[in-house]
2 protein chains.
Amino acid sequence: MKEGPDISRVATLIGDPARANILTALMTGVALTATELAVEAGVTPQTASGHLAELVDGGLLQVRKQGRHKYFALAHGDVAVALESLMGLASDVRRTRTGPKDIALRRARVCYNHLAGHLGVQMFASLTQRVFLRNDVDAPVLTDTGRAFVTEFGVDLAALDAMRAPLCRSCLDWSERRTHLAGSLGRAMLARMEELHWVQRDNQSRALIFNAQGTTAFEKAFPVG
Amino acid sequence: MKEGPDISRVATLIGDPARANILTALMTGVALTATELAVEAGVTPQTASGHLAELVDGGLLQVRKQGRHKYFALAHGDVAVALESLMGLASDVRRTRTGPKDIALRRARVCYNHLAGHLGVQMFASLTQRVFLRNDVDAPVLTDTGRAFVTEFGVDLAALDAMRAPLCRSCLDWSERRTHLAGSLGRAMLARMEELHWVQRDNQSRALIFNAQGTTAFEKAFPVG
DNA sequence: GAGATGCTTCGGTTACGGTCGAAGTATGAA
DNA sequence: TTCATACTTCGACCGTAACCGAAGCATCTC
């Protein structure tokens, strides 16, 4: 009966609506303060404080104290991956409803600081198709031509290599049910697109809004066919 | 605030210990009756009945009525994948404890009817290394030499192709944190190993017990290095 | 038919946990 | 120092949901 890890503990943690809202808010990858998260969750600061303590204790969040603020973020990428997979199950259930906001989210959104949604899987597919990315056993690997490509694109690979975090990771997209690029390279690619003013974050949601020239440039940079 | 799919609903579903036990029991891939699951969950049949209805309603389980029995199984592979990813998070927290039963589970266990654990990822790595398996964008793909290999191994590929279910899928292993082979081929490979009497299922847990000659044969069939 | 077995519905109890108000502790600003 | 802001602790309230006993269907066996 007692089998492997206790799955119900962590699921209960995610199961409360307030805590789920907190986690969802942090899926963007940014760190937020306790009060910001309280607003996001729709509860008072006292209540949020309790929830946050539980989430940290449960290993889902990490916390950094800065002056009188406390910044919370997802503990690591695995948490984001697990949350996305739960979203996949959840969206399955109510596959009927597709609000207008949903459409924007499905097209492009931020997932732990990298690009997800339709455009996210398109970029991944395009990179793979041109053998800039090779899908190895565990994780995608950037090929030599791939390294040249992303450098040309404006990403400082040396800086990324210096970081201890894995360069490439794959993440299953809940809306597309296909893989997109995560890891530090995924983050860097999105950051570069923001730098190029292709895209802007919606501060109300996880949606990413590509402007006209951004869309054109994206299609040119990451063609698929 | 209202973002994408409602993650808390499905997480709450998994969060109850009784329901978590039910889901974990079904991770083997076999279908079980309501009373069997009641025993597994450690609750009375009435209580289990309610839980099962909720799980079906929530889209996590599928049910088939057969005479006066009701057989329950996971709704689809995505559920198993999501559960495994949650186990990954849960095992993170209590990384200290490693019971003797845990060791067997980590070595080899059944995950939705396919081989998981250390030996599962070894098989996957071995197949990939010899280019029997190619890791494509979304899912692994069996190469031509790979088709020859598994046929030689004793798997009826024609029968699998005829099924509508995907042949190859990858599944993230919670104990190894690496990929192993899922999909109908994954199931067929394990079935064939049972047929060859390499391995036996433990009916108390998800553990798979390889006997002496099974271990030797496995190492020979799926070398890695 | 009668009896057994598998599953479900109902009602009532119980307990856990989410919530907020009020008060308390840190940190920074004036 | 004094005040404001950010967060936490405490206590009390309340609602939900998990649970089981008892009774009710449905299906199979004899």
Side-chain angles (χ1 to χ4, degrees), chain A residues 1-2 6-26 30-73 75 90 93, chain B residues 1-2 6-26 30-73 75 90 93:
Chain A
M1 193 161 103
K2 190 123 171 269
D6 183 11
I7 191 180
S8 70
R9 223 185 84 81
V10 57
T12 302
L13 233 37
I14 306 173
D16 176 76
R19 285 192 295 260
N21 283 338
I22 289 172
L23 290 167
T24 308
L26 293 174
V30 298
L32 296 174
T33 67
T35 17
E36 285 171 329
L37 288 169
V39 173
E40 204 70 40
V43 292
T44 58
Q46 311 94 290
T47 307
S49 176
H51 286 312
L52 290 168
E54 284 187 87
L55 288 170
V56 171
D57 185 58
L60 296 186
L61 295 187
Q62 62 178 131
V63 58
R64 195 181 25 144
K65 207 172 167 187
Q66 206 163 85
R68 57 180 164 178
H69 295 278
K70 256 184 158 179
Y71 283 93
F72 294 88
V93 177
Chain B
M1 195 160 100
K2 192 125 167 269
D6 182 10
I7 192 179
S8 71
R9 222 184 85 81
V10 56
T12 303
L13 232 37
I14 306 174
D16 177 75
R19 285 193 296 262
N21 283 338
I22 289 173
L23 291 167
T24 309
L26 293 174
V30 297
L32 295 174
T33 67
T35 18
E36 287 171 328
L37 287 169
V39 173
E40 205 70 39
V43 292
T44 58
Q46 313 92 290
T47 307
S49 177
H51 285 313
L52 290 167
E54 284 187 87
L55 287 169
V56 171
D57 186 58
L60 295 185
L61 294 188
Q62 64 178 128
V63 59
R64 195 180 26 141
K65 209 175 166 183
Q66 206 164 86
R68 55 181 164 179
H69 295 279
K70 258 184 154 178
Y71 284 92
F72 294 87
V93 177

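Every chain is numbered from 1 and lettered A, B, ... according to where its sequence line falls, protein lines coming before strand lines.
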Enquirer: Which residue is it: A:Asn21, A:Leu23, A:Ile14? I am looking for the one with a side chain to side chain contact (heavy atoms under 4.5 Å, CB included) to B:Ile7.
Expert: A:Ile14

Enquirer: Any non-hydrogen side-chain atom of A:Glu40 less than 4.5 Å from a side-chain atom of A:Ile22?
Expert: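 No; the side chains remain at least 4.5 Å from each other.
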
Enquirer: Calculate the interatomic distance between A:Leu32 atom CG and D:dC7 atom C1'; express it in whole Å.
Expert: 16 Å

Enquirer: Provide, to the nearest angstrom, the distance between the CD1 atom belonging to A:Ile22 and the P atom belonging to D:dC7.
Expert: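 After rounding, the reported distance stands at 12 Å.
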
Enquirer: Can you find a heavy atom in the side chain of A:Gln62 that is under 4.5 Å from one in the side chain of A:Val56?
Expert: no

Enquirer: Without decimals, in angstroms, what is the distance between B:Leu55 CG and D:dA17 P?
Expert: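 Answer to the nearest Å: 14 Å.
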
Enquirer: Without decimals, in angstroms, what is the distance between A:Arg64 CZ and C:dT27 C1'?
Expert: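 One finds 17 Å between C1' of C:dT27 and CZ of A:Arg64, rounded.
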
Enquirer: Under 3.5 Å, which N/O atoms of the protein pair with N/O atoms of nucleotides 3-10 of chain C?
Expert:
| residue | atom | partner | partner atom | Å |
| --- | --- | --- | --- | --- |
| C:dT5 | O2 | B:Arg68 | NH1 | 3.2 |
| C:dG6 | O3' | B:Arg68 | O | 3.4 |
| C:dC7 | OP1 | B:Ala34 | N | 3.3 |
| C:dC7 | OP1 | B:Lys70 | N | 3.2 |
| C:dC7 | OP2 | B:Thr35 | N | 2.9 |
| C:dC7 | OP2 | B:Thr35 | OG1 | 2.2 |
| C:dT8 | OP1 | B:Lys70 | NZ | 2.8 |
| C:dT8 | OP2 | B:Ser49 | OG | 2.6 |
| C:dT8 | O5' | B:Ser49 | OG | 3.2 |

Enquirer: Could you give the CD-to-P distance, from B:Glu54 to D:dT16, as a whole number of Å?
Expert: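 It works out to 14 Å between those atoms.
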
Enquirer: Can you confirm whether B:Lys70 sits close enough to B:Thr33 that some side-chain heavy atom of one is under 4.5 Å from a side-chain heavy atom of the other?
Expert: no

Enquirer: Rounding to an integer number of Å, can you tell me how far B:Arg9 CZ sits from D:dT16 P?
Expert: 16 Å

Enquirer: In Å, rounded to the nearest 0.5 Å, how long is the span from CG of B:Asp57 to CG of B:Leu52?
Expert: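 Rounded to the nearest 0.5 Å, the CG-CG separation comes out at 12.5 Å.
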
Enquirer: Just the rounded figure in Å: distance from C1' of D:dA18 to CG of B:Asn21.
Expert: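 Taking atom C1' of D:dA18 as the reference, CG of B:Asn21 is at 14 Å.
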
Enquirer: Any side-chain N or O of A:Lys65 below 4.0 angstrom from OP1/OP2 of D:dC7?
Expert: no

Enquirer: Does the side chain of B:Ser49 come under 3.5 Å of the side chain of B:Gln46 through a donor N or O and an acceptor N or O?
Expert: no

